[in-house]
Amino acid sequence: MSVAEITASFPIEAFREDLISWYKDNKRDLPWRKDQDPYKVWVSEIMLQQTRVDTVIPYFQRFLAQFPTLEHLAQAEEEKVLKAWEGLGYYSRVRNLQTAVKEVSTSYGGQVPSSPEKISKLKGVGPYTAGAILSIAYGIPEPAVDGNVMRVLSRILIVEDDIAKAKTRVLFETLVRELISKEDPSSFNQALMELGALICTPQSPACLLCPVQAHCRAFEQGRQKELPVKVKKIKVKTVDLAAVLLRNQEGRYLIHRRPSEGLLANLWEFPNLPVRYRGKDEEQTLVSFLESEWEVEATIGEAISRISHIFSHLKWDIQLFTGYAHTKGREQEDLRWVTLSEMEQYPFSVSHQKIIKLAKEVE
DNA sequence: AATGCGGGGAT
DNA sequence: ATCCCAGCATT
């Protein structure tokens, strides 16, 4: 959806007023809200990156006591600065902050720049932090889109783009440029974040207490819990497997039916097993496995292929061997010796279909 | 467009 | 356990 489509028929002015007046009445009394000193705003915004307000408060107070001005921080020993950050995490934040503060001291005469272009060049100042400092310290109507803002606006306007994607943040920045109060951009930006922190929370938003409930499309449709859309990134784990194309004297191949539950349930496959370390005697592991599992005596030949197969949540890396079976092994419902043409009747997963294809090429 | 980077609170 | 937090730099 385009920005124009999203904001069509949205009562921008009423939304602004309801949001900002709620903010002014309900905002928390936080230590970095005592004045608009750009240095203090800056420090607070860096500390608040991926870090909760309650965690930041004591760090902010100690840090400002120790480094009360930009010049104090610029001239401090890095080790002292790191010590002040100890336990807060993401330590590159504070090393970048000191680098940037030194830059401001030498290149800008100690004045934190007030243009988007210049402030964005400072180390550690990304799109969010730039907008936050510009709007809060200088009253400049720039968007400051963080996780709160994307959550709140995705619900109010029903934006279904995946907020994990980088370009979605750009979409929200464009939206905020339309919505933001030109009279009080500081309150507007902070109000969106405050709303996200206090009312429009991730799991169970307190819609009945929400000052902009009347403007919220998600609430109207009862969809607030579906938003924002965020595709969870699953760390794809690689599983190394050794498999064997096992042939007997009749030219038949051994296949096995997978368990009735779990991954690829009831599909057929070639004998295989996970190997802990790639290259560590897969052959002998296969021989032992075939013997103990199915009483098949086998000789493993050469590795003929490497098959990679990606699932949604894991990746198989299969090393395929040829093999010759001396015995038939235990008769089982889930174990069969079949010819290549008979094999066509059995369901295989794609990764094992790749093995069939290889078998046909070998024959 | 992904990934690494810290640590902790809420559910 | 999992999510997510006033994100950014690097690749």
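Labels below follow one simple rule: chain letters A, B, ... track the order of the sequence lines, proteins then strands, and each chain is numbered from 1.
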* Is there any side-chain hydrogen bond (donor to acceptor under 3.5 Å, both in side chains) pair reaching into residues 123-133 of chain A, and which pairs are they, with sequence neighbours excluded? -> A:Glu45-A:Tyr128, A:Gln49-A:Thr129
Distance, [atom1] atom - from [M] to [N], rounded to whole angstrom:
N: B:dG8; M: C:dA9; atom1: C1'; answer: 23 Å
N: B:dT3; M: C:dA6; atom1: P; answer: 24 Å
N: B:dG9; M: C:dC8; atom1: P; answer: 24 Å
N: B:dC5; M: C:dC4; atom1: C1'; answer: 15 Å

* Hey, can you tell me if A:Phe63 and A:Trp85 have their rings parallel, tilted or perpendicular (30° and 60° cut-offs)? =>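 Perpendicular.
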Please report the distance, rounded to the nearest Å, between [atom1] in [X] and [atom2] in [N].
X: A:Tyr90; N: B:dT3; atom1: OH; atom2: P; value: 15 Å
X: A:Ile133; N: C:dC8; atom1: CD1; atom2: C1'; value: 13 Å
X: A:Lys121; N: C:dA9; atom1: NZ; atom2: P; value: 13 Å
X: A:Asp161; N: B:dA1; atom1: CG; atom2: P; value: 12 Å
X: A:Lys165; N: C:dG7; atom1: NZ; atom2: C1'; value: 18 Å
X: A:Lys230; N: C:dG7; atom1: NZ; atom2: C1'; value: 11 Å
X: A:Ile163; N: C:dA6; atom1: CD1; atom2: P; value: 12 Å
X: A:Trp85; N: B:dC5; atom1: CH2; atom2: C1'; value: 14 Å

* Asked: Starting at the 5' end of DNA chain B, which residue's closest nucleotide do you reach first, A:Arg93 or A:Ala166?
  -> A:Ala166
* Cut-off 3.5 Å, side chains only: do A:Ser186 and A:Gln190 have a donor facing an acceptor? -> yes
* Asked: Is a side-chain donor-acceptor pair under 3.5 Å present for A:Arg257 with A:Tyr346?
  ->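 Not at all, the side chains of A:Tyr346 and A:Arg257 share no donor-acceptor pair under 3.5 Å.
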* Closest-nucleotide 5' rank along DNA chain C - winner of A:Asn96 and A:Ala132 -> A:Ala132
* **5' precedence on DNA chain C between A:Lys123 and A:Leu48 (nearest-nucleotide basis)** => A:Leu48
* State whether A:Gln50 places a side-chain N or O below 4.0 Å from either non-bridging phosphate oxygen (OP1 or OP2) of C:dG7. => yes
* Asked: Has A:Arg151 got a side-chain N or O lying under 4.0 Å from the OP1 or OP2 atom of C:dC5?
  ->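 So the side chain of A:Arg151 is within the cut-off, an N or O lying under 4.0 Å from OP1 or OP2 of C:dC5.
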* Does the ring center of A:Trp32 lie less than 6.0 Å from the ring center of A:Phe60? ->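 They qualify: ring centres under 6.0 Å apart.
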* **Ring centers of A:Tyr23, A:Phe188 separated by less than 6.0 Å** =>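 Aromatic pair excluded; centres sit 6.0 Å or further apart.
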* Compare all side-chain heavy atoms of A:His256 with those of A:Phe270 and state whether any distance is below 4.5 angstrom. => no
* Which one of A:Val43, A:Val112, A:Asp37 satisfies the side-chain contact (heavy atoms from CB on, under 4.5 Å) criterion with A:Leu70? -> A:Val112
* Asked: Can A:Arg217 be said to sit on top of A:Phe219's aromatic six-ring, NZ or CZ under 6.0 Å from centre and within 45° of the ring axis?
  -> no
* Kindly point out which of B:dG7, C:dA6, C:dC8 is positioned nearest to the side chain of A:Pro127? => C:dC8
Using the 3.5 Å cut-off, write out each protein N or O paired with an N or O of nucleotides 8-11 of chain B and the distance between them.
unit_1 : atom_1 : unit_2  : atom_2 : d
B:dG8  : N2     : A:Arg52 : NE     : 3.4
B:dG8  : N2     : A:Arg52 : NH2    : 2.9

* Asked: Does any N or O in the side chain of A:Gln213 come within less than 3.5 Å of the main-chain N or O of A:Cys207, such that one atom is a donor and the other an acceptor?
  -> yes
* Using a 4.0 Å heavy-atom cut-off across all strands, classify A:Val125 as base, sugar-phosphate, or nothing. =>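 Contact class for A:Val125: sugar-phosphate only.
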* Describe the nucleic acid contact of A:Leu88 in one word from base, sugar-phosphate, nothing, applying a heavy-atom distance below 4.0 Å. =>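 Since a base atom lies under 4.0 Å of A:Leu88, the category is base.
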* **For DNA chain B, the residues among residues 34-41 of chain A that have a non-hydrogen atom under 4.0 Å from it** => none
